[in-house]
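The basis for the numbers below is simple: all heavy atoms, side chains too, and nothing from hydrogens, waters or symmetry mates. These figures come from a predicted structure and were not determined experimentally.
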Amino acid sequence: MKLKSILTLGLCGFLTGCGGMQIDDFANTSPEFIPQKYFNGPMTAYGMVKDRDGKIIRRFKGKLVGSWDKNGVGTLDEQFVYDDGEKQTRVWTLTPTGENTFIGTAGDIVGDAQMVAKGNTVMIDYTMRVPYKDSTIDIDVRDWLHLQEDGVILNHSKMKKFGFEVGELVITIIKN
């Protein structure tokens, strides 16, 4: 391979990831992840937060409860306890916008989260406002939730600021 081709491929990978993972990659996977079914009732989550170097900086456990009203709007109440004792609550409202698409809102989410379900996967894009020193910063997050055959969800999330990865979440969610 010529040096020019190698440099072009390297630059493409650095700037764009040459496409990376896309929600359409999961269109024909199973079991089908239907948010209204899975996010209904109690769940338990176990997770960790990694810094940009991959070092685990926090661990947590969460209790989640989902429900859906007669208009198809969902609520996902998340109660987290971190290994340092900090407690955090996030209550998502999930409003259907089309077939397998939703808008998500929550108190620490800036604007609307975009949620799409395809095959066994749900992808959620959002901006989260997080405490930082004596203020807050906004972090862009892309969640990938993959439903497994036994009903367990494997969730991995990339957190970015100004397009640069600043951290990662790894979470396992189990239906109770």
Side-chain angles (χ1 to χ4, degrees), residues 21 23 26 29 31-69 72-96 100-133 136-161 165-176:
M21 191 165 50
I23 191 65
F26 302 96
T29 59
E32 186 178 6
F33 192 153
I34 301 168
Q36 298 91 327
K37 287 185 179 179
Y38 194 89
F39 295 136
N40 195 23
M43 296 155 272
T44 302
Y46 300 91
M48 63 182 101
V49 181
K50 297 180 177 185
D51 67 13
R52 67 179 177 212
D53 295 322
K55 179 182 174 188
I56 298 170
I57 57 174
R58 297 185 90 184
R59 291 176 290 120
F60 60 88
K61 182 177 179 181
K63 293 184 179 185
L64 293 68
V65 178
S67 62
W68 297 83
D69 70 19
V73 176
T75 300
L76 183 58
D77 186 341
E78 303 174 329
Q79 307 288 322
F80 299 106
V81 178
Y82 289 85
D83 55 353
D84 62 3
E86 179 186 349
K87 294 180 180 179
Q88 181 184 48
T89 298
R90 177 174 304 109
V91 179
W92 285 96
T93 299
L94 304 172
T95 305
N100 301 321
T101 61
F102 303 81
I103 293 291
T105 57
D108 58 351
I109 303 305
V110 179
D112 293 336
Q114 305 296 316
M115 180 173 153
V116 179
K118 284 238 176 141
N120 74 336
T121 299
V122 167
M123 181 189 73
I124 312 171
D125 276 324
Y126 55 94
T127 300
M128 179 182 290
R129 184 156 290 148
V130 297
Y132 182 73
K133 298 185 180 179
T136 59
I137 59 171
D138 293 347
I139 301 292
D140 296 323
V141 182
R142 175 167 283 175
D143 286 341
W144 291 97
L145 295 90
H146 306 280
L147 180 60
Q148 305 302 298
E149 292 173 7
D150 60 0
V152 171
I153 290 178
L154 301 178
N155 178 355
H156 54 103
S157 307
K158 299 289 185 184
M159 300 179 291
K160 295 184 178 186
K161 183 71 179 168
E165 189 173 326
V166 296
E168 179 180 6
L169 294 169
V170 178
I171 305 169
T172 299
I173 302 172
I174 302 166
K175 289 257 316 168
N176 296 353

In Å, rounded to the nearest 0.5 Å, how long is the span from [atom1] of [X] to [atom2] of [Y]?
{"X": "Q114", "Y": "I23", "atom1": "CD", "atom2": "CD1", "answer": "13.0 Å"}
{"X": "T136", "Y": "R129", "atom1": "OG1", "atom2": "CZ", "answer": "5.0 Å"}
{"X": "T93", "Y": "D69", "atom1": "OG1", "atom2": "CG", "answer": "9.5 Å"}

For D143, all residues meeting side chain to side chain contact (heavy atoms under 4.5 Å, CB included), sequence neighbours excluded
I124, Y126, V141, L145, N155, S157

All side chain to side chain contact (heavy atoms under 4.5 Å, CB included) counterparts of T172, not counting sequence neighbours
V152, L154, I174

Can you tell me if CD on E86 sees more than 12 non-hydrogen neighbours from other groups inside 6.0 Å?
yes

Let's go through V49 and M159 carefully: what are the C-alpha distance in whole Å and the side-chain angles of both, what is the deciding distance for side-chain contact (heavy atoms from CB on, under 4.5 Å) to 0.1 Å, and is it a yes or a no?
CA-CA 10 Å; V49 181; M159 300 179 291; 4.1 Å; yes

Using every non-hydrogen atom in the two residues, find where [X] and [Y] come nearest and quote the distance to one decimal.
{"X": "F39", "Y": "F33", "value": "CZ-CZ, 3.8 Å"}
{"X": "F102", "Y": "P35", "value": "CE1-CG, 3.8 Å"}
{"X": "T44", "Y": "K61", "value": "CG2-CE, 3.8 Å"}

If you define the side chain from C-beta out and look only at heavy atoms, does anything of [X] sit under 4.5 Å from [Y]?
{"X": "I137", "Y": "I139", "result": "yes"}
{"X": "M115", "Y": "I103", "result": "no"}
{"X": "L76", "Y": "L64", "result": "yes"}
{"X": "V116", "Y": "V122", "result": "no"}

SB check E78 K63 (cutoff 4.0 Å):
no

Salt bridge or not for K161 and D140, using N-O below 4.0 Å?
no

With E165 as partner, the option from R142, K160, K158 fulfilling salt bridge (Lys or Arg N to Asp or Glu O under 4.0 Å) is K158

Between H146 and F26, does the ring centroid distance fall short of 6.0 Å?
yes

Donor-acceptor contact below 3.5 Å, side chain [X] vs main chain [Y]:
{"X": "T29", "Y": "N120", "value": "yes"}
{"X": "W92", "Y": "G74", "value": "no"}
{"X": "K50", "Y": "I57", "value": "no"}

The test is salt bridge (Lys or Arg N to Asp or Glu O under 4.0 Å); show your working for D108 and R90 and say whether it passes.
CA-CA 7 Å; D108 58 351; R90 177 174 304 109; 2.8 Å; yes

Can you classify the ring geometry of Y82 versus F60 as parallel (below 30°), tilted (30 to 60°) or perpendicular (above 60°)?
tilted

Evaluate the criterion salt bridge (Lys or Arg N to Asp or Glu O under 4.0 Å) for residue pair E168 and R52; output intermediate values, then yes/no.
CA-CA 7 Å; E168 179 180 6; R52 67 179 177 212; over 6 Å; no

If we count only N and O atoms by modelled type, under 3.5 Å, do the side chains of N40 and S67 hold a donor and an acceptor together?
no

Do D77 and Q79 have side-chain N/O donor and acceptor atoms under 3.5 Å apart?
yes

Show, in sequence, the C-alpha distance, side-chain angles and deciding distance for T105 and D112, and conclude whether the side-chain contact (heavy atoms from CB on, under 4.5 Å) test is met.
CA-CA 6 Å; T105 57; D112 293 336; 3.4 Å; yes

From CA spacing to verdict: side-chain contact (heavy atoms from CB on, under 4.5 Å), W144, M21:
CA-CA 10 Å; W144 291 97; M21 191 165 50; 3.5 Å; yes

Y38/I173 under side-chain contact (heavy atoms from CB on, under 4.5 Å): CA gap, chis, key distance, verdict
CA-CA 10 Å; Y38 194 89; I173 302 172; 4.1 Å; yes

